[in-house]
Each structure stands twice: as C-alpha cells, then as structure tokens.
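Step one of this worksheet: look at the structure below.
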Amino acid sequence: MIISSPCVVSLVWRLEDAQGQLIDELADPMEFLVGGDDLLPKVEQTLLGQTPGFEANLHLEPEQAFGDYHAELVFFETRDIFPEDVSEGMQFEGPPEGSTTPDLPKDAIYTVTEVYDTHVVLDGNHPLAGLALRLSLKVCDVRTATEEEVEQGSVSASPFSFAPTVPPDATLH
C-alpha cells in the first residue's frame with residue numbers, strides 16, 4: 001500500500017539533536033495517522049507516496065519540529081498557589097489557578113522546572129523547542145485508517161503531542 005492521507009503508518013526511528021546526542025529511539029514499530037495530528041508536517045510530507053521499507057534521514061529545524069524557544073514562557077509563581085507535593089516535572093494545562101503572571105497562553109502545557117521554598121519556576125516551551133533535530137526513520141507497514149482514527153485525528157497518544165520534562169538520560173516514549 002502506498003502512503004497517502006489518511007492512512008496509518010508503522011514506524012521505527014532514531015531521534016537525535018544536531019550534535020548527534022540520542023533523544024529518543026523507537027526500536028519497536030509504533031503506528032501514526034498520516035493526515036491527522038500524529039506526525040510533524042515535514043515527516044508526513046516525506047512519507048507521502050512511499051511504501052513499507054522506505055527509509056529517510058531528515059534534518060528538522062526548530063520551526064519544522066517543536067518551534068523556537070520563547071523565554072517569555074518561563075516564569076516564576078509563588079509557591080503557595082501549588083499543591084503541597086509540587087515537584088519538578090509536574091505539568092499544568094494552562095497557567096496554574098491563582099497565577100499572577102499576565103498574558104500567558106491558556107492552551108500551553110506548563111512544566112515545573114524548579115521548586116524553591118518561596119516560588120516555583122514554570123516553562124511553557126516544549127522540551128525540544130529551539131532544537132534542530134535529526135530523525136532517521138523506517139516505514140515498517142502501512143494500513144487503511146479506521147473511521148474512528150480519522151475522526152479523532154490520531155491513532156492514539158502521539159509522542160509529538162505531549163510536553164514532558166525530559167531527563168538527560170530518558171527517551172520520549
């Protein structure tokens with residue numbers, strides 16, 4: 001089957017930063033919806049018209065991946081507006097309730113990056129924002145997308161759509 005929109009591709013990949021440091025390695029095939037929200041546009045564009053067995057090595061600039069880093073999305077909030085057990089890596093959809101920082105995007109995921117006695121540091125950038133990336137991928141299989149997959153725009157939770165804090169020795173799946 002030729003990859004076209006919509007369909008489901010099964011991929012393996014190796015994702016590195018521009019210096020060749022491993023960020024993520026997907027050794028077991030994972031399914032993604034082509035024509036939905038699962039893949040970055042440049043990745044999807046590269047896959048269109050291909051078949052199982054296709055391999056590609058892509059260089060992704062920040063604007064083709066997770067965007068530029070925006071320092072204005074890093075901010076401090078007072079410790080008292082957070083739960084008692086707040087810790088690094090916790091995430092909030094939108095600014096936390098009681099936030100005193102004006103004009104923050106309401107639809108961003110904010111990650112706690114540091115916790116102090118009197119304040120907490122939050123970052124609304126994706127952990128890979130501002131990074132150029134290298135992606136080596138291989139198409140393992142292609143199948144027709146189900147109506148439900150097309151309707152929801154995804155096969156399942158995509159590793160490209162969440163914004164965890166990535167420890168230096170961890171991968172993104």
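Since we're looking at a predicted model, the values are computed, not measured.
- Using a 4.5 Å cut-off on side-chain heavy atoms (C-beta onward), L15 and L128 make contact.
- Qualifying side-chain hydrogen bond (donor to acceptor under 3.5 Å, both in side chains) partners for D28, counting only residues two or more places apart in sequence or in other chains: none.
- Contact of the P6 side chain with the V34 side chain is not registered, since no non-hydrogen atoms from C-beta on lie closer than 4.5 Å.
- Smallest separation of non-hydrogen atoms from A108 and G124: CB-O, 4.3 Å.
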D123 vs T111, side chain to side chain donor-acceptor pair (under 3.5 Å): CA-CA, chis, key distance, verdict: CA-CA 5 Å; D123 188 343; T111 302; over 6 Å; no

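- Applying the salt bridge (charged side-chain N to carboxylate O under 4.0 Å, His left out) criterion to R143, with sequence neighbours excluded, gives E31, E149.
- Legend: residues meeting side chain to side chain contact (heavy atoms under 4.5 Å, CB included) with E147, ordered by chain and number and at least two apart, are absent.
- Nearest approach of C140 to V12, heavy atoms of both residues: SG-CG1, 3.9 Å.
- Residues F66 and L133 are in side-chain contact: their nearest non-hydrogen atoms beyond the backbone lie under 4.5 Å apart.
- No more than 12 heavy-atom neighbours from other residues, nucleotides or ligands sit within 6.0 angstrom of CD on E93.
- Counting only heavy atoms from C-beta outward, the side chains of R79 and V115 approach each other to under 4.5 Å.
- For the atom pair CE (M90) and CZ (F92), the distance works out to 4.5 Å, reported to the nearest 0.5 Å.
- Partners of Q45 according to the side chain to side chain contact (heavy atoms under 4.5 Å, CB included) rule, which considers only residues two or more places apart in sequence or in another chain, do not exist here.
- The minimum heavy-atom distance between A145 and V150, with the atom names listed, is CB-CG2, 3.8 Å.
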Trace of the side chain to side chain contact (heavy atoms under 4.5 Å, CB included) decision for T144 with V8: CA-CA 6 Å; T144 303; V8 174; over 6 Å; no

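- In this structure, CG on L122 lies 11.0 Å from CG on L73, to the nearest 0.5 angstrom.
- The shortest heavy-atom contact between P95 and P105 is CD-O, 3.6 Å.
- Nearest heavy atoms, S5 versus G35: OG-CA, 3.1 Å.
- Scanning for side-chain hydrogen bond (donor to acceptor under 3.5 Å, both in side chains) contacts around T101 gives E77, with sequence neighbours left out.
- Contacts of Q50 classified as side chain to side chain contact (heavy atoms under 4.5 Å, CB included), with partners at least two apart in sequence or in another chain: I3, F54.
- The list of ring-ring contact (aromatic ring centres under 6.0 Å, His included) pairs with a residue in residues 93-114, not counting sequence neighbours, reads F75-Y110.
- Within a 6.0 Å radius of CD in E63, more than 12 heavy atoms belonging to other residues, nucleotides or ligands are found.
- Without hydrogens or angle criteria, T46 side chain to K42 main chain gives a donor-acceptor distance under 3.5 Å.
- With sequence neighbours left out, the salt bridge (charged side-chain N to carboxylate O under 4.0 Å, His left out) criterion links E44 to no other residue.
- Residue pairs meeting the salt bridge (charged side-chain N to carboxylate O under 4.0 Å, His left out) criterion with at least one partner in residues 7-20, sequence neighbours excluded, are R14-E16, R14-E25, E16-R134.
- Chaining together hydrophobic side chains whose heavy atoms lie under 4.5 Å apart places F76 alongside Y69, V74, Y116, V121.
- Considering only heavy atoms from C-beta on, V86 comes within 4.5 Å of V112 through its side chain.
- Among all heavy-atom pairs drawn from I81 and P96, the shortest one is CD1-CG, 4.1 Å.
- E72 is linked by a side-chain hydrogen bond (donor to acceptor under 3.5 Å, both in side chains) to H70, counting only residues two or more places apart in sequence or in another chain.
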L60 vs L40, side chain to side chain contact (heavy atoms under 4.5 Å, CB included): CA-CA, chis, key distance, verdict: CA-CA 10 Å; L60 303 167; L40 297 170; 4.0 Å; yes

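- Distance check, rounded to the nearest 0.5 Å: CG of L26 to CG of L11 gives 7.5 Å.
- Atom CG of L131 is separated from atom CD1 of I23 by 6.0 Å, given to the nearest 0.5 angstrom.
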Derivation of the side chain to side chain contact (heavy atoms under 4.5 Å, CB included) call for V43 and L137: CA-CA 9 Å; V43 174; L137 62 82; 3.9 Å; yes

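- Taking CD from E55 and OG from S136, the interatomic distance works out to 9.0 Å, rounded to the nearest 0.5 Å.
- For H119, the side-chain hydrogen bond (donor to acceptor under 3.5 Å, both in side chains) criterion is met by no residue, not counting sequence neighbours.
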Stepwise side chain to side chain donor-acceptor pair (under 3.5 Å) test for S154 and D38: CA-CA 6 Å; S154 179; D38 289 351; 2.5 Å; yes

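- Note that the CG atom of L135 and the CG atom of D24 stand 9.5 Å from one another [nearest 0.5 Å].
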